[in-house]
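Report on the structure given below.
Model, not experiment: these values are computed from the prediction.
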Amino acid sequence: RTINIMSGTIIAQGANQGAGIGNGRSTPADSNFINIYGGDITAIGGNNAAGIGGGYNYGSNDNTGVITVYGGLIKAQGGNNGAGIGSGNYNYSGGTLKLDGNGIIFASSVSDGGSYNKTSGVLFQGNSGTVYGNVILENDFEVESGKQLNVPTNTSLTIAKGITMTGNGNIQNNGSIKVNLGGTYNGEKPAGQALLYQIVSNIDTNICSLSPQVPDYIQQDNNLAFS
């Protein structure tokens with residue numbers, strides 16, 4: 001069985017022992033695929049069930065299938081003893097979460113326990129979040145007070161035109177956070193590397209040349225004067 005979510009606003013509340021998005025009680029899920037391409041999604045699991053993934057009590061080797069996030073803003077809260085994303089009965093270690101795009105996930109927990117399937121995206125487990133790969137934000141995004149976001153070395157987070165990122169929590173930037181023209185960053189400055197602001201966009205070097213060459217991005221602490 002495959003569930004594809006393309007866009008829209010979705011609030012999914014699982015019934016008793018059923019996942020918000022996924023399986024019900026004692027339902028085999030090893031061939032279950034959930035693909036999220038976009039949207040503003042809130043998924044809440046029933047008692048002993050995941051927010052997204054498995055329901056209650058499908059064996060001690062519960063496999064809740066593969067959940068792939070390509071985009072969207074996702075909030076996943078497991079029910080009592082259920083993972084935010086992954087297995088019902090949180091003592092089980094079922095399911096595979098793949099990040100392969102620009103999705104932002106706030107999960108109460110994730111039961112797959114691995115990072116090898118996380119190519120690109122932002123994942124919070126509880127209050128701790130991590131950027132994987134090179135992410136271009138497609139949704140407004142807030143790091144709330146009490147939460148921490150880590151941008152590791154060799155990863156990047158780009159705030160696209162028309163998108164606002166708000167930093168009210170603790171952001172540790174060891175990679176790069178870029179603010180494109182028309183994008184907005186509000187809040188406290190991240191620790192570590194300074195924000196990078198785009199200052200040149202789509203200059204045709206066959207018509208106009210700049211000397212010395214102006215960089216595409218410049219750190220926020222630098223001052224520029226043009227005349």
> Does any N or O in the side chain of Ser108 come within less than 3.5 Å of the main-chain N or O of Gly78, such that one atom is a donor and the other an acceptor?
Replying inline: yes

>> Applying side-chain hydrogen bond (donor to acceptor under 3.5 Å, both in side chains), can you list everything that pairs with Thr158, at least two apart in sequence or on another chain?
In response: none

> Considering all heavy atoms of both residues, which atom of Ser109 and which atom of Gly82 are nearest to each other, and what is their separation?
Replying inline: OG-O, 4.3 Å

> Looking only at heavy atoms, which two atoms of Val131 and Pro152 are closest? And how far apart?
Replying inline: O-CD, 3.3 Å

>> I need the minimum non-hydrogen distance between Pro190 and Ile177, along with the two atoms involved.
In response: CG-CD1, 4.0 Å

>> Tell me if the CD1 atom of Ile11 is crowded by more than 12 foreign heavy atoms within 6.0 Å.
In response: no

Do any side-chain atoms of residues 137-150 form donor-acceptor pairs under 3.5 angstrom with protein atoms, and if so which ones, sequence neighbours left out?
{"unit_1": "Glu138", "atom_1": "OE2", "unit_2": "Asn102", "atom_2": "ND2", "d": "3.0"}
{"unit_1": "Asp140", "atom_1": "OD1", "unit_2": "Thr164", "atom_2": "N", "d": "2.9"}
{"unit_1": "Glu142", "atom_1": "OE2", "unit_2": "Asn168", "atom_2": "ND2", "d": "2.8"}
{"unit_1": "Lys147", "atom_1": "NZ", "unit_2": "Gly126", "atom_2": "O", "d": "3.3"}
{"unit_1": "Lys147", "atom_1": "NZ", "unit_2": "Asn127", "atom_2": "OD1", "d": "3.3"}

> Under the side-chain contact (heavy atoms from CB on, under 4.5 Å) criterion, do Gln219 and Leu196 qualify, and how do the steps go?
Replying inline: CA-CA 4 Å; Gln219 289 187 348; Leu196 298 172; 3.5 Å; yes

>> Please evaluate residues Asn134 and Ser156 with respect to the criterion side chain to side chain donor-acceptor pair (under 3.5 Å), reporting the C-alpha separation (whole Å), side-chain torsions for both, the decisive distance (0.1 Å), and the verdict.
In response: CA-CA 5 Å; Asn134 301 305; Ser156 67; 2.8 Å; yes

>> Would you say that more than 12 heavy atoms from the other residues, nucleotides or ligands in this model lie under 6.0 Å from the CG of Asn186, or not?
In response: yes

>> Using every non-hydrogen atom in the two residues, find where Ala19 and Gly54 come nearest and quote the distance to one decimal.
In response: CB-O, 3.8 Å

>> Would a single hydrophobic cluster contain both Ile34 and Met6, if residues Ile, Leu, Val, Met, Phe, Trp and Tyr are joined by side-chain heavy-atom contacts under 4.5 Å?
In response: no

> So which heavy atom on Gln198 is nearest to which on Leu181, and how close?
Replying inline: OE1-N, 2.9 Å

>> Are the side chains of Ile52 and Ile36 in contact, using a 4.5 Å heavy-atom criterion?
In response: yes

>> Can you pull out every side chain to side chain donor-acceptor pair (under 3.5 Å) where at least one residue sits in residues 33-43? Sequence neighbours excluded, please.
In response: Asn4-Asn35

> Passes side-chain contact (heavy atoms from CB on, under 4.5 Å), Thr130 versus Lys118? Steps please.
Replying inline: CA-CA 10 Å; Thr130 301; Lys118 298 169 180 60; over 6 Å; no

> Would you say Lys161 and Asn180 make side-chain contact, with heavy atoms under 4.5 Å?
Replying inline: no

> Nearest 0.5 Å, what's the CD1-CD1 distance between Ile163 and Ile136?
Replying inline: 11.0 Å

>> Determine whether Val110 and Ile105 satisfy the following criterion, side-chain contact (heavy atoms from CB on, under 4.5 Å), listing intermediate values before the conclusion.
In response: CA-CA 10 Å; Val110 176; Ile105 301 171; 5.9 Å; no

> Can you tell me how far the CD1 atom of Ile5 sits from the CD1 atom of Ile74, to the nearest 0.5 Å?
Replying inline: 8.0 Å

> So how far is it from Leu97 CG to Leu99 CG, rounded to the nearest 0.5 Å?
Replying inline: 4.5 Å

> How long is the gap from CG on Leu73 to CD1 on Ile104, to the nearest 0.5 Å?
Replying inline: 5.5 Å

> NZ of Lys189 to CD1 of Ile171: how many Å apart, nearest 0.5 Å?
Replying inline: 13.5 Å

>> Keeping Thr153 on the side-chain end and Gly175 on the backbone end, is there a donor-acceptor pair under 3.5 Å?
In response: no

> Is it true that a side-chain atom of Ser87 and a backbone atom of Ser111 form a donor plus acceptor pair closer than 3.5 Å?
Replying inline: no

>> Looking at every heavy atom in both Gly51 and Ala43, which two are closest together, and how far apart are they?
In response: O-CB, 3.4 Å

>> Applying side-chain contact (heavy atoms from CB on, under 4.5 Å), can you list everything that pairs with Asn16, at least two apart in sequence or on another chain?
In response: Asn47

> Glu188: what forms a side-chain contact (heavy atoms from CB on, under 4.5 Å) with it, not counting sequence neighbours?
Replying inline: none

>> Restricting to ring-ring contact (aromatic ring centres under 6.0 Å, His included), what partner residues turn up for Phe106, sequence neighbours left out?
In response: Phe124

>> If the test is side chain to side chain contact (heavy atoms under 4.5 Å, CB included), which one of Asp100, Val122, Asn117, Leu123 qualifies with Tyr132?
In response: Leu123

> Atom CG of Asn48 and atom CG of Asn80: how far apart are they, to the nearest 0.5 Å?
Replying inline: 5.5 Å

